[in-house]
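None of these values were measured; they are calculated from a predicted model. Along the sequence shown, the residues carry numbers beginning at 1. Every heavy atom of this structure was used, including side-chain atoms; hydrogens, water molecules and symmetry mates were not.
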Amino acid sequence: LWELRSSSHIFLMQAGFALIEAGTCRSKNVLSILMKNIVDLLVATTLWFILGFGLAFGNSDPTNGMIGTTRFLGSGLMNGTAVDDVLSTWLIQNMFCATAATIVSGGIAERTDMRGYVIISGVMSSVIFPTVACWCWNPDGWLHKNGFQDLAGSGVIHVTGGFGALCGAWFVGPRAGRFSADGRMADSIEFAPHSVPFVVLGTLILWYGWYAFNCGSVGALRTDQDFKRALLAATNTSISGAAGGVMAHFIRFLQTSRWDLPFICNGILIGLVSICAGCDSVRPTSAFAIGGIAAVLLRGACSALIWLRIDDPVSAFPVHGIGGLWGVVAASLFHMKGTVLGDPTEAPTLPGQLLGAFSICTFTFSTCLILFMCVRKLGLLNTSELQQRRGLDQESNFSAYNMGEVDRYRALVCHVKSSHGATARWMQLELAKYVGGKSRIFLDSENLINLSHLLATVRDKVDVLTVLATKDIWWRPWCAGEITTASSAGIPIVLVMMAEGDEALEVNFKDLSLKVRSQLSETQMDILAPFGISYDDIERAYKGLEDAPQVPFSVASPTLVREGVDHVSRFMQLNVKRGETLARWSSELLSAARRQACRCGPAGKLFRDQRKGFVLIGNLHDMEAVAAMRIFALAMSHVSQQYRETIDLFCCSMLPEAQVLMLAKQGLPMIIMLSEGVLTCPLVQRACACRTSQLIEHGVGSSNWAVSESSLIIFADRLDFEYPDAACYHDIRRNFLDHLEQSATGLPTPHPAGLPTPHP
C-alpha cells in the first residue's frame, strides 16, 4: 500500500514538470511543450512494459551485471510468491523512467521537431535509463556490486536525464536569436518565463511529489527500521529543498539586488535533487549543507552554460545533472556512521560513488550523442528558424490557452483596394487552404481606418508580408508603411507581381527608391510620421526589395493561376499538411470527373440530373472579375456543404473555352459575373449565344428572353465585394429549381424576385 501511494504521488510530479517547463518557456510554444510531456508518459509506460523493465531488472548474470535478459513484455510479473513486490517495483520504476525522459525535454525545448522527440523519448525510456538502472539498482548490477549507492536516483534518474539534456542542448544548438554574433545573450525579456505562476505551482507540486520520490524508494514499511528511514528521508527532503531555495535567493540578490523567483524555484529543485542519493543516511544538518552547496553549484553551472553558448531553457542540466552529481558524491561525504540508521559496513565509498557517477555520465552522454546524430540524419531533429520565430504551436493551428486561433497571422496581404480588392480577397481564400482557415490570412484593407493597429500587426503578429505589387501601390502611405515596418522588423516579404493585361509587371527597385521623395508628398508623410517612418526608412526598405522573392501572377489561363498560387505559398513557406493536400487533390479530381461527365452524352445527362450545376462566366481579361468568380465559387461550395447539398459551379476561368460553351449549350443555367467590359468579352458573348440557341431549339422563349431571364446576374464590385453568404446561396438554389420547372413545362418562368435585372 505504501509503494502504491508513492507511485501515484510520483505520477503527479509529471504535472509539476509540465507546469515548470511550460511557464519557463514562451507562450507560443506551450502547446508543443505540454504535448511532449504527455508523449513522455505514454512512450515511457509503453516501452517500460515491452522492453525497459526486462533490461533493468531481468536476470543480468549472463551479461555480468550489464543488462537484464528476462521479464520482457510483462513476463514474470505474475509469477512466484512475491507478486506484490515485483508489481510494486514495476510501477514505481515506471514513474522514475518517465521522469528521466521528461528531464531531457526541458533541455531541448522550443526548437525540436515533435517527430524526432518521440524517437528520443523512446530510446531514453527503453534503452538508456533501463541500462543505468540495471547497473545501479539490479541486485546483480556491476556498479551495485562495486558499492555504488543511490537510494532515490540522484545518479540513476537525475544525472541520466541531466546529461541527456546537456547533450541535446549542445547538439541541437541554441534557440533562434538566443545569442548574438558576438556571443552575448539576447534581450532577456524576449526569453523570460511567460508565466511565473506556472513555475511556482509546478515547483510546489514537485516538492510535494518528492516526499513520495524519496520515501517511496525506501520500499515497503515492514519494520520499525524501515519507518525510521522513511521518516528521516522526508525530513531531509524538506530541509535540503529549503536550504537550496534560501541560498539561491541570497546568491541572486547579491548579484542583482532583486528577487528572482524562477531562480529561487530552481534552487529548491536542485536541493531536492541533491538529497535523493543519501536522503535516508545523512543527518538533517548535513542535508542543510547539501542543499546550500547545491545552490552555489547551480549558479556556477548556469553561468558556465551561458559562457559556452549552450541554451538550456529550463536549466535542466544545472538542476538535474549537476545536482545529481553532487548528490551522489555527498551521499559518501556525509554518510552517518555508527547509528541505527547507518551501518558502517554498508557506507558508500567515495571511489565507488565517483566510479558510478563517471560511468553514468559517460554512457548517457555518448549514447545520447549517437541518438541525436541519428535523429538529425533523418531530418527530424531541428525546427527551422522561421518555425521558431512563429512558435511551434503554429503547426497545430491552435493556442494552448483557448484552443482557438493563435493570435498570429501566417501572412498579411498588402494591396490597393481600389484596383485589386477582389483579387486580394481571392488570394486570402486560396492561401487559407494551406493554413487552416481564412482568418489566419490578414487583409490590410480590413483595417485601413486604424493605421496604428495595422502597423503593429505587421511588426508583431505576421509571419510573412505578401505584397500584391502594382504600379501605384508604392505611393500609398499605408502600403509604404507596411513594407517599411516589415523590413525594419525582419519580416520576410514576398512580392506577387500582378500582370497588367498580358504584360508581366517589372520594377526596378533602385529607381523606385530614388522616386520616394518626389512621389510621396509631405501630407502623405505626415500620416506615417507618428510611427517614426521617414523618407530614408522608405528608401532603404524599397531598395532592399531587390532581394525579396518575386512571383509573377497572371489570369491568362487556369494553369498560370494555379501555378501562381502554388508559387506564392511556397515562397511564403506555408506548410501544407498531408491530409489537407489529399483532400484538395480529391476535390480537384472529383471536379474534373464532373466536368468530364458533362461531355458524355446520356451518362452526362444522368449525372447532371442528380446534381445541381451552373456555368459561371465573366470577363476573363479583368483580373478583378476572375477573382470575383473564384471567390463566388469557393463561397458557394462552402455554404452548400453546410446545407449538405452540392452545387457544381463550372467556372470559366478554370475550364477551356470549348468546354464552357458545351456546358452552356447542354442547358446548364448560367451565372454572369457583371463587371466592366463583361459584355464585350468574346467568351461571354459566345456562351450567351450558345445558351440562346439551345433554348430556341427547344421552343422556349426568344433570344432576348434567353439572356435576360435564364441567367442569374452577380455584381462584382471592385471596392466592396464581400464573401457571399447563405442568402446568396438560396437565391442560386431557387434559380436552379425554377430552371428545372422551366425545363419540365417548356415555358419561361418569371424572373426571381429580388434579383437584379441586367441592362443591355
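Environment of CZ in F365: crowded, with over 12 heavy atoms of neighbouring residues, nucleotides or ligands closer than 6.0 Å. Within a 6.0 Å sphere centred on CZ of F72, heavy atoms belonging to other residues, nucleotides or ligands number more than 12.
Using modelled atom types, no side-chain atom of S121 and backbone atom of V118 make a donor-acceptor pair closer than 3.5 Å. Side-chain N or O atoms of D150 include one that pairs as donor or acceptor with a backbone N or O of V156 at under 3.5 Å. Formation of a donor-acceptor pair under 3.5 Å by the S332 side chain with backbone atoms of V329 is not found in this model. Between the side chain of D280 and the main chain of L232, no donor-acceptor pair closer than 3.5 Å is present. Checking side-chain atoms of S154 against main-chain N and O of G324 turns up no donor-acceptor pair under 3.5 Å. Formation of a donor-acceptor pair under 3.5 Å by the H194 side chain with backbone atoms of A22 is found in this model. Judged by distance alone, the side chain of T63 and the main-chain N or O of S60 form a donor-acceptor pair under 3.5 Å. Put simply, the side chain of N214 never gets that close to the backbone of C279: no donor and acceptor are under 3.5 Å apart.
Contact annotation: the side chain of L298 approaches that of C302 to within less than 4.5 Å [non-hydrogen atoms, C-beta and beyond]. Under the 4.5 Å side-chain criterion, counting only non-hydrogen atoms from C-beta, N64 is not in contact with W142. Contact of the S274 side chain with the S240 side chain is registered, since non-hydrogen atoms from C-beta on lie closer than 4.5 Å. At a threshold of 4.5 Å between non-hydrogen side-chain atoms, the residues N138 and H144 do not count as touching.
Put simply, CD1 on I268 and CG on L204 are 7.0 Å apart, with the number rounded to the nearest 0.5 Å. N266 contributes atom CG, which lies 10.5 Å from atom CG of L261 (distance to the nearest 0.5 angstrom). Here Y117 contributes atom OH and S32 contributes atom OG; the two are 10.0 Å apart, rounded to the nearest 0.5 Å. We find the OG-CD distance between S88 and Q93 to be 9.5 Å, quoted to the nearest 0.5 Å.
Across every non-hydrogen atom of R229 and L151, the tightest pair is NH2-CD1, 3.8 Å. The heavy-atom pair separating Q388 from E110 by the smallest distance is CG-O, 3.8 Å. In plain terms, the two heavy atoms of F129 and A100 that are nearest each other are CD1-CB, 3.9 Å. Heavy atoms only, all atoms of each residue included: M124 and C368 are closest at SD-SG, 3.9 Å. When all heavy atoms are compared, the tightest approach of L272 to I275 is O-CG2, 3.2 Å. Taking all atoms of both residues into account, the shortest heavy-atom contact from I20 to L269 is CD1-CD1, 3.7 Å.
Salt-bridge formation is not detected for the pair D393/K28: no Lys NZ or Arg NE/NH1/NH2 atom is positioned less than 4.0 Å from an Asp or Glu carboxylate oxygen.
A centroid separation of 6.0 Å or more is found between the aromatic rings of F317 and H158. For Y211 and H9, the ring centers are positioned 6.0 Å apart or more. Note: W135 and F148 fail the aromatic proximity criterion, with ring centroids not under 6.0 Å apart. Aromatic ring centroids of F213 and F96 lie under 6.0 Å apart.
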Checking side-chain contact (heavy atoms from CB on, under 4.5 Å) for the pair F358/L354: CA distance, chi angles, key distance, verdict? CA-CA 6 Å; F358 176 78; L354 291 176; over 6 Å; no
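Ring geometry, F17 versus H320: the interplanar angle falls from 30° to 60°, so the pair is classed tilted.
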